[in-house]
Amino acid sequence: MTRTVRFPMSYSIHGRLPGRVMPRSYIFAEMVDLQVTDVAAEDAPVAVSWKVPHIRTSVTSAEYRPMWAFDAERRQHTVFYEGRHWVRLLQETHWDNSPSEPLQCADFERAAVTGAFNGGLGFAVPTQGQRKFEIVTDDQGGRFEEVIRHGRPRALELASGLDFISVNGVLHARADQPCFKLVPAWYEADRTRVKTRYPVVDTKELRAPRTLDPVRVPALPLSMRDEVTRKCPQMWRLADQFEWPTIHMPESLSTDEDLRLEADYLVHEFLARTENTLGTRYAGLEHYFRQPTVEAKLDYLLANEREWPEFRTRYGVSTAPLRRAVEALDNMSISLVPDGRGTAPALS
């Protein structure tokens with residue numbers, strides 16, 4: 001059985017309205033229709049499970065909030081249904097780093113229209129001092145004399161991936177294949193405070209927008225354990241807080257997705273390295289992430305290959321990550337589109 005649920009796709013616009021001197025943030029929401037399908041537990045077995053580590057993160061944006069959700073045992077998991085992963089949803093909590101109960105489908109269907117679950121799904125929510133979001137029917141950017149930040153494109157991207165199943169009455173959301181995020185975070189123990197990176201499992205890759213700034217949160221496949229260990233040398237500080245994810249269904253992890261994600265990670269790391277070393281991006285290569293298919297990404301890298309030696313001989317920047325990215329892409333199946341999300345829910 002499939003049911004339709006009304007949901008307010010909320011977003012923030014920071015700008016200056018006519019007659020106002022100073023810009024401020026305003027919350028808007030457009031109503032969309034979402035689908036929830038009942039699925040038997042035997043048809044949606046647990047695919048990947050993991051422990052959420054207890055760390056103080058410097059990543060506070062709404063997009064990253066869902067990856068910190070955990071139950072009373074600090075656990076989270078995905079199930080595998082119709083060839084893809086679905087992540088178990090947990091109720092939002094009022095306090096950071098606190099356990100939560102599974103979100104019941106009946107509660108979601110009853111209260112989703114109020115925006116009660118928007119924060120947990122990565123959408124904008126009113127902050128202290130803001131009014132509740134205003135329900136609108138279209139883009140409100142035209143109301144402003146000056147727009148500084150417009151959240152609607154990001155909200156549309158999030159909404160395009162919203163789809164739900166109910167397993168034993170618990171709501172699960174359509175997800176990407178689980179991956180590691182290397183999160184810049186504070187870890188506190190024995191009165192010491194250390195800033196470093198720690199691996200956290202996430203089910204949303206957040207492919208765009210790409211950023212190369214110091215607090216970037218790169219994604220890489222679960223198979224790249226050696227790279228995780230290399231990039232996160234302070235993992236030992238987590239002690240029993242960190243465990244490698246448990247793969248209950250190896251067949252649920254696509255090798256092609258692993259290779260595509262590995263290639264994207266390697267190119268991203270190369271761009272970040274050239275940014276840090278040379279103070280500028282490697283001209284043109286950042287357009288790699290705009291390529292729609294594996295073939296296009298591979299062709300794009302190879303088209304720039306003749307320029308790579310200069311970066312090693314002139315600037316001392318290794319191009320080994322680019323060569324590894326080419327190898328990963330070359331080993332993938334033909335015509336795999338990297339972003340396999342569904343169409344956006346209908347606005348109404």
Side-chain angles (χ1 to χ4, degrees), residues 48-61 63-70 74-76 96-97 176-207 210-247 253 257-279 281-282 285 289 311-312 315-325 327-328:
V48 180
S49 63
W50 61 92
K51 186 173 186 177
V52 179
H54 181 185
I55 58 178
R56 180 170 295 180
T57 175
S58 59
V59 178
T60 57
S61 61
E63 291 91 342
Y64 293 106
R65 202 173 296 141
M67 74 171 143
W68 300 110
F70 56 87
R74 301 200 70 89
R75 298 285 173 176
Q76 180 59 305
D96 291 338
N97 198 46
D176 292 335
Q177 181 165 299
C179 62
F180 284 119
K181 294 284 182 59
L182 304 187
V183 179
W186 293 106
Y187 179 73
E188 296 183 349
D190 301 326
R191 298 184 180 180
T192 61
R193 196 164 187 248
V194 179
K195 180 111 179 246
T196 184
R197 287 186 179 274
Y198 295 103
V200 179
V201 176
D202 196 14
T203 59
K204 288 294 180 185
E205 190 188 324
L206 301 178
R207 297 185 178 106
R210 291 277 170 173
T211 177
L212 299 177
D213 63 36
V215 295
R216 65 187 182 274
V217 183
L220 65 166
L222 299 184
S223 58
M224 292 183 72
R225 290 192 180 188
D226 290 345
E227 180 70 4
V228 169
T229 303
R230 186 184 73 83
K231 293 286 288 187
C232 305
Q234 300 296 325
M235 279 171 54
W236 61 270
R237 289 184 175 273
L238 292 177
D240 62 349
Q241 290 295 321
F242 178 77
E243 298 175 2
W244 293 110
T246 300
I247 312 300
L253 298 181
E257 255 313 91
D258 257 23
L259 290 169
R260 196 274 309 163
L261 185 54
E262 177 182 349
D264 286 2
Y265 168 77
L266 292 168
V267 173
H268 188 262
E269 285 297 288
F270 176 80
L271 290 172
R273 191 175 305 170
T274 56
E275 175 95 349
N276 293 337
T277 304
L278 308 179
R281 298 186 187 187
Y282 181 31
L285 248 188
F289 295 106
F311 274 79
R312 185 173 185 85
Y315 303 113
V317 177
S318 173
T319 56
L322 297 181
R323 301 193 183 282
R324 289 173 58 198
E327 182 179 355

>> Are W50 and L222 packed together at the side-chain level, in the sense that at least one heavy-atom pair is separated by less than 4.5 angstrom?
In response: no
> Do the non-hydrogen side-chain atoms of W236 and Q234 ever get within less than 4.5 Å of each other?
Replying inline: yes
> When rounded to the nearest 0.5 angstrom, what distance separates CZ in R225 from CG in L220?
Replying inline: 12.0 Å
> Does atom CD of E243 have more than 12 heavy-atom neighbours, drawn from other residues, nucleotides or ligands, at distances under 6.0 Å?
Replying inline: yes
> Would you call D176 and T203 a side-chain contact if the rule is heavy atoms closer than 4.5 Å?
Replying inline: no
>> What's the separation between atom OG1 in T196 and atom CG in L182, rounded to the nearest 0.5 Å?
In response: 10.0 Å
> When rounded to the nearest 0.5 angstrom, what distance separates NZ in K231 from CZ in R197?
Replying inline: 6.5 Å
> Do the non-hydrogen side-chain atoms of V48 and T246 ever get within less than 4.5 Å of each other?
Replying inline: no
> Parallel, tilted or perpendicular: which fits the ring planes of F180 and F242, with parallel below 30° and perpendicular above 60°?
Replying inline: tilted
>> Within this structure, what is the CD-SG distance for the pair E262 and C179, rounded to the nearest 0.5 Å?
In response: 13.5 Å
> Between V217 and P184, is any pair of side-chain heavy atoms under 4.5 Å apart?
Replying inline: yes
> Just wondering, do M235 and V228 contact through their side chains at under 4.5 Å, heavy atoms?
Replying inline: yes
> Could you give the distance from CD (E227) to CD (E269), rounded to the nearest 0.5 Å?
Replying inline: 6.5 Å
> Given side chains that start at C-beta, do those of V200 and P53 come closer than 4.5 Å, heavy atoms only?
Replying inline: yes
> Going from CG on L266 to CG on L261, what distance comes out if it is rounded to the nearest 0.5 angstrom?
Replying inline: 9.5 Å
